[in-house]
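Data first, discussion second: the structure below is written as structure tokens.
Nothing here was measured: the structure is a model prediction, and the numbers come from that model. Hydrogens, waters and symmetry mates are skipped; everything else that's a heavy atom, side chains included, is used.
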Amino acid sequence: MIRSATPADVPLIHAMVRDLAEYEKALDEARATEEQLREALFGERPAAFAHIAEAQDASGKSEVVGFSLWFLNFSTWRGVHGIYLEDLYVRPEARGGGHGKALLTELARICVERGYERLEWSVLDWNEPSINFYKSLGALPQDEWTVYRLTDEALAGLGA
């Protein structure tokens with residue numbers, strides 16, 4: 001089952017963000033706090049959105065097994081919004097159960113419903129299981145584009 005996240009989900013989302021960062025070999029870079037996520041998702045002016053994947057355990061109780069966290073972007077070429085998927089994570093023990101596909105299907109449904117023309121995300125070039133999964137859904141790599149990023153001292157220096 002896929003549902004919109006609630007404020008009560010923030011601790012679980014935070015834990016899964018950290019799990020994802022560890023999987024991506026960058027746990028030391030995951031500095032977001034629960035409070036920051038709560039503000040971004042549920043504050044006065046939410047800038048990001050999240051969905052939760054749930055599955056029933058052996059006793060029939062619902063448990064959170066994954067999440068997606070996304071925000072709107074805008075294409076000047078197409079003249080409409082799109083969705084940028086910041087994080088998609090399914091706990092290792094729940095992988096292969098269709099939860100990742102269900103999360104992406106929900107985002108695609110939102111795009112279609114709202115007239116958005118793009119659903120985009122980034123994947124590490126060494127993450128072959130994810131790359132193969134995304135390709136199986138019809139996603140295409142944007143090999144002609146290179147992502148650039150300013151952070152920390154470089155960002156502070158340019159913005160000073």
Over all atoms of both residues, closest heavy-atom pair of H99 and A94:
CD2-O, 3.2 Å

If you count heavy atoms of other groups shown closer than 6.0 angstrom to CD of E144, is the number above 12?
yes

Hphob cluster co-occupancy, L12 + L37, side-chain heavy atoms under 4.5 angstrom:
yes

Between I83 and R118, is a side-chain contact (heavy atoms from CB on, under 4.5 Å) present by the stated rule, with each step listed?
CA-CA 6 Å; I83 287 177; R118 289 183 180 169; over 6 Å; no

To the nearest 0.5 Å, what is the distance between CD on E34 and CD1 on I13?
10.0 Å

Taking atom CG of L124 and atom CD of E24, what is their separation to the nearest 0.5 Å?
4.5 Å

Take the angle between the ring planes of H81 and Y116 and call it parallel below 30°, perpendicular above 60°, tilted in between.
perpendicular

Quick one: does W70's side chain get under 4.5 Å of W121's, heavy atoms only?
no

Heavy-atom distance under 4.5 Å between the side chains of H51 and R3, does that happen here?
no

Nearest heavy-atom pair of V147 and S122: which atoms, and what distance?
CG2-OG, 4.5 Å

Is the shortest distance from a Lys or Arg side-chain nitrogen in R18 or D87 to a carboxylate oxygen in the other one below 4.0 Å?
no

Rounded to the nearest 0.5 Å, how far apart are OG of S4 and CD of E106?
7.0 Å

Check the pair Y134 / L140 against side-chain contact (heavy atoms from CB on, under 4.5 Å), numbers first and verdict last.
CA-CA 8 Å; Y134 298 142; L140 300 173; over 6 Å; no

Close side-chain approach of C111 to E117, heavy-atom, < 4.5 Å:
no

Indicate yes or no: at least one non-hydrogen side-chain atom of S68 is less than 4.5 angstrom from one of F49.
no

When you compare the side chain of L104 with that of L85, does any pair of heavy atoms fall below 4.5 Å?
yes

Hey, what do you get for OG1 (T105) to CD1 (I110), rounding to the nearest 0.5 Å?
11.0 Å

Determine whether M16 and L20 make a side-chain contact, defined as any pair of heavy atoms from C-beta on separated by less than 4.5 Å.
no

What is the distance from atom CG of L88 to atom CZ of F133, rounded to the nearest 0.5 Å?
6.5 Å

Flag the pair R38 and D9 as a salt bridge only when some basic side-chain nitrogen lies within less than 4.0 angstrom of an acidic carboxylate oxygen.
no

Check whether Y23 forms a cation-pi arrangement with R95 (NZ or CZ under 6.0 Å from the six-membered ring centre, at most 45° off the ring normal).
yes

Do S62 and E54 get their side chains close enough for a donor-acceptor pair, meaning under 3.5 Å?
yes

Going only through I, L, V, M, F, W and Y residues with side-chain contacts under 4.5 Å, is there a path from L107 to L137?
yes

Surrounding CH2 of W77 (heavy atoms of other residues, nucleotides or ligands, distance under 6.0 Å), is the total greater than 12?
no

Are F67 and L69 close enough that some pair of their side-chain heavy atoms sits under 4.5 Å apart?
yes

Any sub-3.5 Å donor-acceptor pair from H14's side-chain atoms to Q36's backbone N or O?
no

Backbone of V64 reached by a side-chain donor or acceptor of R91 within 3.5 Å:
yes

Ion pair R109/E113, N-O distance below 4.0 Å:
yes

Could you walk me through whether I52 and I2 pass the side-chain contact (heavy atoms from CB on, under 4.5 Å) test, one step at a time?
CA-CA 6 Å; I52 298 293; I2 305 302; over 6 Å; no

Contact between L150 and L158 at the side-chain level, heavy atoms closer than 4.5 Å - yes or no?
yes

Looking at every non-hydrogen atom in both residues, tell me the closest pair between V123 and S130 and how far apart they are.
CG2-CB, 3.9 Å

Look at the side chain of E29 and the backbone N and O of A26, then say whether any donor-acceptor pair between them is shorter than 3.5 Å.
no

Can you tell me how far the CD atom of E63 sits from the CD atom of Q56, to the nearest 0.5 Å?
10.0 Å

When every non-hydrogen atom of G100 is compared with those of V90, the smallest separation belongs to N-CG2, 3.6 Å

